[in-house]
Amino acid sequence: MTGELPASRSTPSQRLRVVGANPLRPEREFVLYWMRASRRIDHNFALDRAVELALELGRPLIILEALRCDYRWAADRHHAFVLAGMRDNAVACGRFGVAYHPYVEPSVGHGRGLLAALGQHACVVVTDDHPGFHYPQMLTAAADQLDVRLEAVDSIGLLPLSVAPRDFPTAYAFRAFMQRELPAHLGSMPQATPLSRLATKPGERPMATIPKTVLTRWPAAEASLLRGEPAALAALPIDHGVGVVPGLGGARAGIAAIRAFVGEGVDAYAERRNHPDDAGGSGLSPYLHFGHVSVHAILRELAQRTGWTPGDLGRPRQGAREGFWGMPPAVESFLDELVVWREVGHNFAHIRDDIDRYESLPPWARTTLEAHAADPRPHLYDRATLEGASTADEIWNAAQRELVRTGRMHNYLRMLWGKRVLEWTAEPPAAVQMLIELNNRWALDGRDPNSYSGIFWVFGRYDRPWGPERPIFGTVRYMSSDATRRKLRLSRYLARHAEQPQG
């Protein structure tokens, strides 16, 4: 049927890798899926693989979703978002009769040993492969702790990470590569409801039982915590200064956001997305970051709405922004952000280990920034002034208040926000660190390879030299608040994020 994208019955080999050399142990009790980055039960290649193995081995499935308390920038805001997803996953797994263990670490180190304890009963452990944040270190540690086969599966983007042999200097170069490679992978979509494959007649396949020793030592999270109740969050050793954004988080909210955007917002995306007054963004970035929704699910919704199939792909000049997808121009504009600009950051993190370091900038950018490092700055603001939105720039302050209050920032203003911090910090490396701290503490989509792409774009990553050469910026692209005010519709946005009166 037009607009239907077929799902693959087996996990594509380009997305799967075995970590370590431990054997499969088919005599054990269950297959374990350790859910870390793709925190959803739909459109998830890792879960597809776990289901495949459960069927092949004739064993039930257990899903472990854990949330540690000592990850960097751990705060009420980020915890609550993840907890909403855990609550949704618990309901969904119960509906399919699959054992699900939501564990939330109550103190630093309390979760140590949980994976190994479950692994002692597992035929095989399947987990998410992800190159960002602390995920690679977690995977390495897990391989050392387990005595059973560990498989890592990439469910991040439309293009498997393993396909790209190198990182790319520009979005144009990555786009050209993606346009050559992607058609071969669009016929391998993940399952929309993989757990339905485990459905059996009563008594044929009993639900797995989580060992009592595990439940005693690492009990499932209380319902009050999964609801994100303030008292439950307050008991955790995390940053309570970064408040919860109500109503966000979880697969149900994420799917609703997809459908609202595809049904009502995507047609005007190209025209409205840059104007803060129009609020033309998709709002999907946090859900993608925490793995509550999949880029494949978004593509499926777009395909159903437009009647698109992979056979509609065009053949534009390679690297061109328009004409590849064979969809309406507004949809193509959105897909360029969703696929090219999102996946180029994950490509960088997959190939390199310096995504968050100043030294990772292209040589031309470092050369020009360092040539102007001693240039006088119009202001030098410390972190407290920036975090408190107390600068002399009305637009910058509004963007910072939006970030603090909502966990999000308008995409165009995020670029300006970063450029001004470069202008207001004594040296470029210090500006990099300032932006990382501000973004990752407050942004719901912080700590993500895509976030680092945005931060480092400010300093020249994925860009080119621009003339004329300017103080502070050199030939790095310049942006100003005055020009932004002239170009964009801002009045309602500025009023919405004005400083709140005291008292």
Side-chain angles (χ1 to χ4, degrees), residues 131-133 136 156-157 159 161-181 317-321 336-375 377 411-412 414-440 443 445-480:
F133 199 30
I156 295 168
L159 196 67
L161 288 171
S162 65
V163 170
R166 59 182 177 87
D167 63 302
F168 293 84
T170 63
Y172 174 86
F174 180 76
R175 186 183 296 111
F177 176 81
M178 181 273 296
Q179 290 172 351
R180 291 195 303 271
E181 298 291 332
R317 174 178 57 83
Q318 289 214 335
R321 291 185 181 183
D336 194 61
E337 296 290 327
L338 177 70
V339 180
V340 174
W341 280 102
R342 177 172 178 267
E343 295 189 25
V344 73
H346 288 83
N347 159 259
F348 194 106
H350 175 66
I351 298 294
R352 301 174 56 162
D353 63 1
D354 58 353
I355 191 171
D356 59 348
R357 295 202 288 272
Y358 171 79
E359 291 75 18
S360 69
L361 287 170
W364 72 265
R366 289 181 57 191
T367 297
T368 194
L369 289 170
E370 288 159 16
H372 290 271
D375 290 356
R377 267 59 178 165
N411 282 343
Y412 187 96
R414 193 189 295 251
M415 297 187 291
L416 175 68
W417 175 81
K419 294 288 186 180
R420 297 314 310 267
V421 170
L422 169 58
E423 199 172 0
W424 295 336
T425 309
E427 295 179 336
V432 166
Q433 291 307 309
M434 182 72 76
L435 286 171
I436 288 173
E437 289 296 326
L438 292 176
N439 185 73
N440 289 359
D445 63 357
R447 309 154 307 282
D448 191 271
N450 193 36
S451 284
Y452 285 108
S453 293
I455 289 170
F456 280 82
W457 177 88
V458 166
F459 302 85
R461 183 185 291 173
Y462 302 131
D463 210 353
R464 61 174 177 83
W466 289 76
E469 189 163 354
R470 297 175 182 271
I472 303 174
F473 290 83
T475 56
V476 167
R477 186 193 302 246
Y478 176 74
M479 294 177 70
S480 74

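One is the number of the first residue; the rest follow in order along the sequence.
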Query raised in the report: Can you list the steps and then say if Glu359 with Asp354 is a side chain to side chain contact (heavy atoms under 4.5 Å, CB included)?
Result: CA-CA 8 Å; Glu359 291 75 18; Asp354 58 353; 5.7 Å; no

Query - Phe133 and Ile355: CA distance, side-chain angles, deciding distance, side chain to side chain contact (heavy atoms under 4.5 Å, CB included) verdict - result: CA-CA 10 Å; Phe133 199 30; Ile355 191 171; over 6 Å; no

Requested in this report: Please lay out, stage by stage, how Gln433 and Tyr358 fare under the test side chain to side chain contact (heavy atoms under 4.5 Å, CB included).
Outcome: CA-CA 8 Å; Gln433 291 307 309; Tyr358 171 79; over 6 Å; no

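Distance alone, capped at 3.5 Å, places no donor-acceptor pair between the Glu343 side chain and the Phe174 backbone. Asn450 places no side-chain N or O within 3.5 Å of a backbone atom of Gly345 that could act as its donor or acceptor partner. Distance alone, capped at 3.5 Å, is enough to place a donor-acceptor pair between the Arg377 side chain and the Asp375 backbone. Under a 3.5 Å cut-off, the side chain of Thr425 and the backbone N or O of Ala430 do not form any donor-acceptor pair. The backbone N or O of Trp341 sits nowhere less than 3.5 Å from a side-chain atom of Asp336 that would complete a donor-acceptor pair. Looking only at distances, a side-chain donor or acceptor of Lys419 sits under 3.5 Å from a matching main-chain atom of Val458.
Taking the side-chain hydrogen bond (donor to acceptor under 3.5 Å, both in side chains) definition, one finds that Glu181 meets it with nothing, sequence neighbours left out. In this structure His346 satisfies the ring-ring contact (aromatic ring centres under 6.0 Å, His included) test together with His130, sequence neighbours excluded.
Here CZ of Arg180 is found 11.0 Å from CG of Leu159. Values are rounded to the nearest 0.5 Å. Between the CG atom of Leu422 and the NE2 atom of His372 there is a distance of 11.5 Å, given to the nearest 0.5 Å. Separation of atoms CG (Leu361) and OG1 (Thr368) is listed at 11.5 Å; rounding is to 0.5 Å.
Aromatic ring pairs are classed by plane angle as parallel below 30°, tilted from 30° to 60° and perpendicular above 60°; the pair Phe168 and Phe177 is tilted.
For Arg357, the CZ atom is densely surrounded, since the number of other residues' heavy atoms within 6.0 Å is greater than 12. Summarising the local packing, CG of Asp167 is surrounded by more than 12 heavy atoms from other residues, nucleotides or ligands at distances under 6.0 Å.
For the pair Ser453/Tyr462, a side-chain contact is recorded, criterion being any heavy-atom separation below 4.5 Å from C-beta on. A heavy-atom distance below 4.5 Å is found between the side chains of Trp364 and Val476. Counting heavy atoms from C-beta outward, Asn439 and Arg414 have side chains that approach closer than 4.5 Å. With a 4.5 Å cut-off on side-chain heavy atoms, Glu423 and Phe473 count as touching. With a 4.5 Å cut-off on side-chain heavy atoms, Leu435 and Trp417 count as touching. A 4.5 Å side-chain heavy-atom check between Tyr452 and Asn440 finds at least one atom pair inside the cut-off.
Residue pairs that meet the salt bridge (charged side-chain N to carboxylate O under 4.0 Å, His left out) test with at least one member in residues 449-474, sequence neighbours left out, are Asp463-Arg477.
Contact between Ala164 and Ile351 at its shortest, heavy atoms only, is O-CD1, 3.8 Å. Contact between Gly446 and Ser451 at its shortest, heavy atoms only, is CA-OG, 3.5 Å. When every heavy atom of Met479 is checked against every heavy atom of Met415, the shortest pair comes out as SD-CB, 3.9 Å. Residues Pro428 and Phe459 approach most closely at O-CE2, 3.8 Å, considering heavy atoms. Across all their heavy atoms, Ile156 and Pro131 have their closest contact at CD1-CD, 3.4 Å. The two residues Thr170 and Ala173 come nearest to each other via the heavy atoms OG1-N, 3.0 Å.
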